[in-house]
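Here is the structure we will look at, set down as structure tokens.
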Amino acid sequence: MTALPDWMVLPPGGLTVADYEALDEEICRTVEIVDGAIVVNPAPRRMHQRIIRRLSDELETACGSDLAVEFDVDLRRRGNVARIDHC
């Protein structure tokens, strides 16, 4: 049996946003914090990435230079953190 990495051992009450922010950037790319628990997300599949890229291109074309599609964004809500990083 493989031991969990230290960052996956939850403190009493679970992880906080501050705990998440203290994690290495590479770890943050693959996990979310939901109600104090760590949720590990698989990498998006190629087809998903193609669709996101095409939608992004269309949105930026339609909006002009006033707006831009951003990737690699942390979404925070009520103590939960989700990484939006689809391309």
Side-chain angles (χ1 to χ4, degrees):
M1 187 167 159
T2 304
L4 291 173
D6 290 341
W7 62 268
M8 286 193 89
V9 177
L10 297 176
L15 255 53
T16 65
V17 172
D19 295 327
Y20 173 85
E21 290 172 345
L23 293 173
D24 183 76
E25 179 69 21
E26 288 303 310
I27 294 170
C28 292
R29 290 184 182 278
T30 61
V31 301
E32 298 178 5
I33 306 302
V34 179
D35 296 330
I38 297 171
V39 178
V40 180
N41 296 309
R45 295 180 183 220
R46 242 183 239 281
M47 179 59 78
H48 175 85
Q49 291 175 323
R50 285 187 199 124
I51 292 168
I52 293 298
R53 182 182 47 80
R54 289 177 184 161
L55 282 171
S56 300
D57 291 346
E58 292 296 323
L59 284 169
E60 287 185 334
T61 298
C63 293
S65 61
D66 293 335
L67 298 173
V69 176
E70 297 294 334
F71 296 100
D72 199 20
V73 177
D74 285 344
L75 175 64
R76 297 154 192 266
R77 186 164 184 251
R78 288 189 231 144
N80 297 324
V81 182
R83 170 73 46 121
I84 311 296
D85 181 19
H86 294 295
C87 286

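- When atom types are taken as modelled, the side chain of D19 and the backbone of T16 share a donor-acceptor pair closer than 3.5 angstrom.
- At a threshold of 4.5 Å between side-chain heavy atoms, the hydrophobic network of Ile, Leu, Val, Met, Phe, Trp and Tyr places I27 and V17 in one connected group.
- The CD atom of E58 sits 10.5 Å away from atom CZ of R53, with the distance rounded to the nearest 0.5 Å.
- With sequence neighbours excluded, the residues that form a side chain to side chain contact (heavy atoms under 4.5 Å, CB included) with A68 are E60, E70.
- Residues V40 and I33 fall within the same hydrophobic cluster, defined by Ile, Leu, Val, Met, Phe, Trp and Tyr side chains chained together at heavy-atom separations under 4.5 Å.
- Hydrophobic clustering, with ILVMFWY side chains joined whenever heavy atoms are under 4.5 angstrom apart, keeps L55 apart from V69.
- The side chain to side chain contact (heavy atoms under 4.5 Å, CB included) test applied to L10 returns L15, I38, not counting sequence neighbours.
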